[in-house]
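First listed ligand is number 1; within each ligand, the first listed atom is number 1. All values below were derived from every heavy atom in this structure, side-chain atoms included, with hydrogens, water molecules and symmetry-related copies excluded.
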Amino acid sequence: MLGLMQDAQLLTSQTLAHAAKVYPNVEIATALDGRVVNRSNYAEADKRARRLASSLTKIGLAGDDVFLGALAWNTQRLFEVMHGAPGAGAVLHTANPRLHPEHLAYTINHCGDRAIFIDADCLSLAEEIAPACKRVQHWVLMAEPSQIPKTSLPNVISYEDLIDQGDPEFLWPEFDERRASTICFTSATTGDPKGVLYTHRGTVLNVLTTVARNGWGLGRGDVVLCTAAFFHCNGWGMPYMAPLSGARMVLPGRNLNSRVMLDLIREEGVTHSGGVPTVLIDLLSEAKKDGLGFGNLRQLWTGATAPSEALLQSLEELGPKVIHAFGMTETTQSVTVSIPDPHSSEPARRAEQLTQGQPIFLSDVRAVDEDGRVLPSDGKSVGHLQVRGPAVAAGYYGRPDINPMSEDGWLDTGDIGSVGPEGHMRISDRSKDAIKSGGEWISSVNIENIAAGCPGVAEACCIGVPHPRWQERPLLLIVREPGKDLDEETILSYLDGRIAKWQKPDAIRFVDRLPRNGVGKVVKAQLRKEYQNVLL
Ligand code: ADP
């Protein structure tokens with residue numbers, strides 16, 4: 001027998017509609033180079049998103065087979081597009097302006113984007129790729145009609161014209177919650193960009209679970225600085241999570257360096273923010289320079305790569321609590337979060353915080369061996385990590401040739417690690433980065449974390465390089481803190497007793513910086529190539 005409850009599809013448009021009704025006056029601030037240039041609120045943003053949806057519907061760009069692209073930074077206009085396009089029923093492809101133009105054009109053509117919303121400062125990039133993007137019918141410049149400069153782009157429309165011509169009372173249509181809402185591409189750290197096609201249902205369920213106390217814990221009165229670009233995992237869910245929770249949003253635009261980030265945190269009374277570990281390293285050193293602290297900041301969220309213990313400790317000494325989470329483009333956003341047991345001792349709390357966390361509600365994690373057999377959740381058995389849940393991908397858009405799923409419906413993460421008795425997942429490496437020395441696995445992440453604690457070390461990166469006897473041995477690359485005179489011997493003696501002797505790096509090299517991709521991940525493949533002969 002079916003229950004007697006009303007039925008409603010879970011659609012992302014509900015998040016903004018809810019905010020407009022319940023938190024109409026809560027502010028959305030957009031900044032440019034650290035200065036707020038526009039203040040609006042949820043009621044206004046909802047009206048503008050509805051106007052946009054209505055205009056898209058009128059010109060035939062709201063069908064469920066219509067892909068619309070955006071080449072833009074985190075501003076209120078992109079926030080409106082994140083709601084207006086999927087809310088109308090189209091699929092929004094948040095393209096990454098930091099991709100190589102060739103890759104970018106590939107993603108646009110792969111989706112078949114029919115129109116692209118562009119920020120004024122992405123205009124020359126759009127002009128460069130336009131000849132290769134034949135299916136794009138309209139280039140929508142996110143500006144007033146009077147601000148549209150001379151351009152070689154064909155069929156340019158002013159975004160504000162679209163807004164003006166739309167109906168602010170447009171009713172969000174109801175459709176199947178499994179319909180595609182947005183698409184993001186993987187950051188291609190280990191291969192070609194692959195498109196992950198999110199559903200309305202998965203996104204709503206994911207933000208509902210992550211917004212709760214054992215996650216971001218967001219609510220009324222909180223102020224979020226949305227640092228994660230909306231083209232990475234839907235901006236870590238924030239365009240939907242913030243409105244549904246009633247939190248105030250600060251959207252930082254394009255140039256988000258650590259100085260800008262710190263100024264916005266202090267001046268806008270930001271309570272919650274986040275960033276990949278390199279962003280937090282820079283933020284910390286900026287805060288240490290003037291010693292004026294982090295204002296109202298209570299919580300920083302981090303992930304994408306593992307943060308070091310030293311980083312967590314230094315940040316928390318200055319105030320904000322750090323939440324470490326794990327997610328992939330394939331998991332909509334976070335799939336595990338580390339919320340340590342408040343009753344744990346300090347060392348146990350820190351140890352828990354350093355794991356990639358426990359599964360969020362509705363998700364699950366496991367480790368399997370080479371043959372796909374499930375390993376015990378004992379925190380020791382190391383294997384291939386797999387995840388599942390309603391916000392986890394089941395395949396890649398337009399790539400039936402790649403099957404990331406196990407036969408029983410779990411997604412392979414491409415990471416190696418273990419799962420503890422209470423679900424704590426611990427990544428020891430990406431499968432492609434793990435070092436195999438004489439048949440034994442060495443975790444590059446473990447060596448990096450320990451080396452990062454050595455005084456004078458700003459960053460540490462460990463890679464496996466070919467070795468005549470052991471096939472592969474660890475090489476440690478170190479970026480020194482500015483002005484620190486650190487030598488190989490000091491680091492090696494720091495590692496003594498902290499890691500097993502046979503895992504100690506065979507060589508150390510000092511570098512000025514590490515090569516990183518658009519999301520701040522070290523491109524280890526490039527380093528492996530560069531240093532391939534060091535031990536031969
Ligand atoms: P790409 O696979 O191209 O890097 P993603 O942005 O989807 O693109 O990255 C997902 C990967 O990032 C994971 O498989 C994992 O290797 C890594 N990752 C994400 N969060 C963490 C974390 N908290 N600690 C360590 N690695 C992480």
Side-chain angles (χ1 to χ4, degrees), residues 94 96 98-100 103 107 183-198 206 210 215 228-237 274-280 300-309 311-312 322-339 352-360 363 365 367 384-387 391-393 396-397 399 402 404 410-419 424-434 443-449 452 461-462 515-526:
T94 42
N96 179 352
R98 293 208 177 90
L99 282 184
H100 186 279
H103 277 159
T107 64
I183 182 167
C184 285
F185 280 76
T186 61
S187 61
T189 312
T190 54
D192 287 337
K194 298 187 286 289
V196 180
L197 194 56
Y198 304 108
N206 179 268
T210 335
F230 292 172
F231 49 80
H232 288 311
C233 298
N234 294 307
W236 296 2
V276 300
T278 36
V279 166
L280 299 193
L300 280 169
W301 188 268
T302 197
T305 60
S308 69
E309 182 170 1
L311 176 65
L312 299 183
V322 185
I323 301 214
H324 175 203
F326 165 89
M328 307 167 67
T329 310
E330 288 86 338
T331 61
T332 305
Q333 200 247 120
S334 306
V335 71
T336 60
V337 181
S338 192
I339 303 283
E352 254 189 82
Q353 197 184 16
L354 283 166
T355 70
Q356 272 62 34
Q358 295 165 290
I360 60 168
S363 304
V365 296
H384 299 273
L385 293 169
Q386 299 184 332
V387 293
V392 175
Y396 296 103
Y397 179 66
R399 294 298 302 269
I402 309 173
W410 292 67
L411 176 98
D412 194 82
T413 62
D415 296 304
I416 304 279
S418 61
V419 177
H424 289 95
M425 183 171 95
R426 189 188 302 274
I427 293 186
S428 51
D429 251 313
R430 298 196 83 156
S431 350
K432 289 183 182 160
D433 294 337
S443 161
S444 66
V445 174
N446 183 41
I447 298 180
E448 286 161 5
N449 282 343
C461 167
C462 185
R516 292 185 185 275
N517 67 7
V519 261
K521 292 184 193 192
V522 177
V523 191
K524 288 194 172 180
Q526 182 180 326

### Summary
Tested for side-chain contact (heavy atoms from CB on, under 4.5 Å) against C184, the lone hit among T94, T332, T107, L197 is T94
### Query
So which bit of T302 gets within less than 4.0 Å of ligand 1, heavy atoms only: side chain, backbone, both or neither?
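Under 4.0 Å from ligand 1, T302 contributes no heavy atoms.
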### Message
Test your reading of the structure: does H324 have an N or O sitting under 3.5 Å from an N or O of ligand 1?
### Response
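Between H324 and ligand 1 (N or O atoms, distance only) the closest approach is under 3.5 Å.
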### Message
Taking distance alone, with N or O pairs closer than 3.5 Å, would you say A325 contacts ligand 1?
### Response
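Min N/O separation from ligand 1 is below 3.5 Å for A325.
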Hey, which atoms in ligand 1 end up nearer than 4.0 Å to a heavy atom of [X]?
X	answer
R430	1 (P), 2 (O), 4 (O), 11 (C), 14 (O), 16 (O)
M328	7 (O), 10 (C), 13 (C), 14 (O)
Q356	22 (C), 23 (N), 24 (N), 25 (C)
T413	14 (O)
G327	10 (C), 19 (C), 20 (N)
A304	12 (O), 17 (C), 18 (N), 19 (C), 20 (N), 21 (C), 26 (N), 27 (C)

With a 4.5 Å heavy-atom cut-off, do [X] and [Y] have their side chains touching?
X	Y	result
M328	V335	no
V196	F185	no
M425	L385	yes
H324	Q356	yes
W236	S334	no

### Query
Is the closest heavy atom of E330 to ligand 1 under 4.0 Å?
yes
### Query
Under 3.5 Å, is there a donor-acceptor pair linking the side chains of K194 and T329?
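The criterion, which ignores hydrogens and geometry beyond distance, is not satisfied for T329 and K194.
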